[in-house]
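Here is the structure we will look at.
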Amino acid sequence: MDLYSIAAEKQLKKKAPLADRMRPKNLDELVGQKHIIGKGKLLYRAILADQMNSIILHGPPGTGKTTLAQIIAKTTEKSFRELNAVTSGVKDIRAVVTEAKDSLAISGRNTILFIDEIHRFNKSQQDALLPYVENGTLILIGATTENPYFEVNKALISRSMIFQMKTLEEEDLEDLLKRVLQDKSRGYGNLDIEISEDAKNHFINMSNGDARRLLNAIELGVLTTPPSDNGKIYIDLSTAEECLQKRSLNYEKNGDEHYDTISAFIKSMRGSDPNATLYWLAKMIYSGEAPDYIARRIVICASEDVGNADPNALIVAMNAFEAVRVIGMPEGRIILAQAAIYIACAPKSNASYIGINEAINDIENEKTGEIPFYLRDFKSQKMIKKDGGLNSDFPIYKYPHDYEYGYVKQNYMPNNYKKKEYYNPKNIGYERKIKERLEFFKKL
């Protein structure tokens, strides 16, 4: 590294964002995560003893995954390399493997490879890592905001220990805020800063367990607030609200939190809990979920979980779907809420859902039955009679409206399916009346 590069690196460190400057240098400075790196815990002991095996760290943003990897880098005697899955590929992996082999041959040192956002590696890229993790050429540290059991190669999972990084508690964020105000070399300890209690509470609450978001907000507040005549920088609630106007939520459109939230929303409607339904709906709306997507899930739930127990549920859901498209947001939230509450409070029956699945299963796996002659199209009947002879005896279709109650006993199933019953209405809501009607027909 030449003198210009050294000077540039010094300036970069000096002018780095607060969140970067305040990164913990050792395990004792790391806030939160005591369940995995508290003193005496397995990972804590392994890091200090420099006896690392491959690990995968997963958890929401701002919980310290990258920071923990960097602490390991400073603690270990092994070689340390870092890749970001967004900007790296198989070529980069092979380059690191070559370096790792040279390091092992020359100095006997293993190499730790940290891969940030490892879930963004595709299958072939993850497969490229496998043989070198397996034979010990590389010790893998992967970081991901997604569930590794869904997003990471099963073979890599089986060769790694999985550690979940949890959202930071309010006490952790409060400690971090105090450290920022006291640290003279990396924080704002050399400045006269006063943050009101309301402002502190706002910073901590709206950061929602994300340390990076907290530090960025404090930095913005300090840099944009002019000092008073006596040199004090005073940050009140209004300033804090300007710096953090919206709560941080770990919600990516294609991420686990997206699917987990919509799952909780559907299960709350199915479970007839309107309060939980509104909570999960609010989370999706706040996170910017597409209203059409939410409306479609309500429509599906109206048919799958309410069904004929309340046929109006599907009408309400479809009307909400169309209304949201016409009205848009933010007013559309009211329409979505009305429909979701209706579905949650409606009587429930999955009889239609079960029935069609059983019927499709029979079509797929059983011998397909022939359509009875009298149910076929008129032209087909005419052809069959012609081929079978004019005097052939064929059953005649009975027109239900010609009979009392608009019903007549008649087999509508293929002969080998006569005894099948796919639809079994429940004794709930409007479906109770359907059940009574079908039982009445059986007695005729």
Side-chain angles (χ1 to χ4, degrees), residues 58-63 117 119-120 144-151 164-168 170 202 204-210 212-214 216-217 241 244-307 310 312-346 348 350 353:
H58 75 102
T63 52
E117 299 190 82
H119 62 279
R120 297 189 185 274
T144 174
T145 55
E146 304 299 327
N147 187 331
Y149 293 101
F150 295 149
E151 304 294 339
Q164 182 179 7
M165 308 282 281
K166 296 182 179 179
T167 301
L168 299 181
E170 289 189 359
H202 180 80
I204 292 170
N205 180 44
M206 297 299 282
S207 296
N208 202 30
D210 186 331
R212 188 183 300 108
R213 186 171 170 81
L214 172 70
N216 288 341
E241 288 175 339
L244 262 180
Q245 297 180 10
K246 191 171 181 179
R247 175 183 286 270
S248 169
L249 292 182
N250 177 33
Y251 192 96
E252 292 184 19
K253 294 291 180 67
N254 295 315
D256 291 335
E257 192 73 10
H258 158 82
Y259 293 109
D260 289 345
T261 303
I262 195 66
S263 176
F265 174 62
I266 292 167
K267 288 171 181 173
S268 297
M269 286 191 292
R270 181 184 298 145
S272 302
D273 188 333
N275 297 308
T277 295
L278 285 177
Y279 178 83
W280 299 120
L281 174 62
K283 180 179 179 182
M284 290 188 290
I285 292 172
Y286 186 87
S287 301
E289 183 61 78
D292 278 11
Y293 177 81
I294 300 172
R296 283 197 297 273
R297 307 315 300 180
I298 295 174
V299 171
I300 293 168
C301 193
S303 185
E304 178 180 338
D305 295 303
V306 177
D310 183 355
N312 284 326
L314 187 55
I315 297 172
V316 170
M318 279 304 301
N319 284 341
F321 181 78
E322 292 300 329
V324 167
R325 280 186 160 185
V326 173
I327 301 301
M329 299 298 275
E331 290 83 358
R333 75 191 189 283
I334 307 166
I335 298 165
L336 291 172
Q338 179 187 350
I341 290 170
Y342 190 98
I343 303 305
C345 297
K348 304 294 189 297
N350 64 346
Y353 172 74

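Side chains are part of it too, since the values below use all heavy atoms of this structure and drop only hydrogens, waters and symmetry mates. Position 1 is the first residue of the sequence, and the numbers go up from there.
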Revision key, fill the gap. With sequence neighbours left out, the residues meeting salt bridge (charged side-chain N to carboxylate O under 4.0 Å, His left out) with Arg325 are Asp292

Practice item. Supply the atom-to-atom distance Met269 CE to Thr277 OG1, rounded to the nearest 0.5 angstrom. Key: 6.0 Å

**Study point:** Euclidean distance, Leu278 CG relative to Ile341 CD1, rounded to 0.5 Å
**Key:** 4.0 Å

Exercise for review: Nearest 0.5 Å please: distance from the CG atom of Asp310 over to the CD1 atom of Ile315.
Suggested key: 8.5 Å

**Study point:** Rounded distance [0.5 Å steps], CG in Leu244 versus CG in Leu214
**Key:** 7.5 Å

Point to revise | Positive for side chain to side chain contact (heavy atoms under 4.5 Å, CB included) with Arg297, one of Leu336, Ile262, Leu281 | key: Ile262

Point to revise | Pair His119-Glu117, side chain to side chain contact (heavy atoms under 4.5 Å, CB included): steps then yes or no | key: CA-CA 5 Å; His119 62 279; Glu117 299 190 82; 4.0 Å; yes

Review point. Any side-chain heavy atom of Tyr342 within less than 4.5 Å of one from Val306?
Key: no

Exercise for review: Grab the two heavy atoms, one from Gly209 and one from Thr63, that are nearest each other, plus how far apart they are.
Suggested key: O-CG2, 4.4 Å

Exercise for review: Specify the closest pair of heavy atoms between Ile343 and Ala302, including all atoms of both residues, with the distance to one decimal.
Suggested key: CD1-CB, 3.5 Å

**Study point:** Between CD1 on residue Ile294 and CE on residue Met284, distance to nearest 0.5 Å
**Key:** 4.5 Å

Exercise for review: Mind running side chain to side chain contact (heavy atoms under 4.5 Å, CB included) on Ile298 and Phe265 for me, showing each step along the way?
Suggested key: CA-CA 9 Å; Ile298 295 174; Phe265 174 62; 3.9 Å; yes

**Study point:** Verdict with supporting geometry, Leu314 and Val299, side chain to side chain contact (heavy atoms under 4.5 Å, CB included)
**Key:** CA-CA 6 Å; Leu314 187 55; Val299 171; 4.0 Å; yes

**Study point:** Residues in salt bridge (charged side-chain N to carboxylate O under 4.0 Å, His left out) contact with Glu170, at least two apart in sequence or another chain
**Key:** none

Practice item. Count the heavy atoms of every other residue, nucleotide or ligand shown that sit under 6.0 Å from CD of Glu322, and state whether that count exceeds 12. Key: yes

Point to revise | Spacing of Met165 atom CE and Thr145 atom OG1 [to the nearest 0.5 Å] | key: 13.0 Å

Review point. Mind checking whether Arg270 and Asn350 have side chains closer than 4.5 Å, heavy atoms only?
Key: no

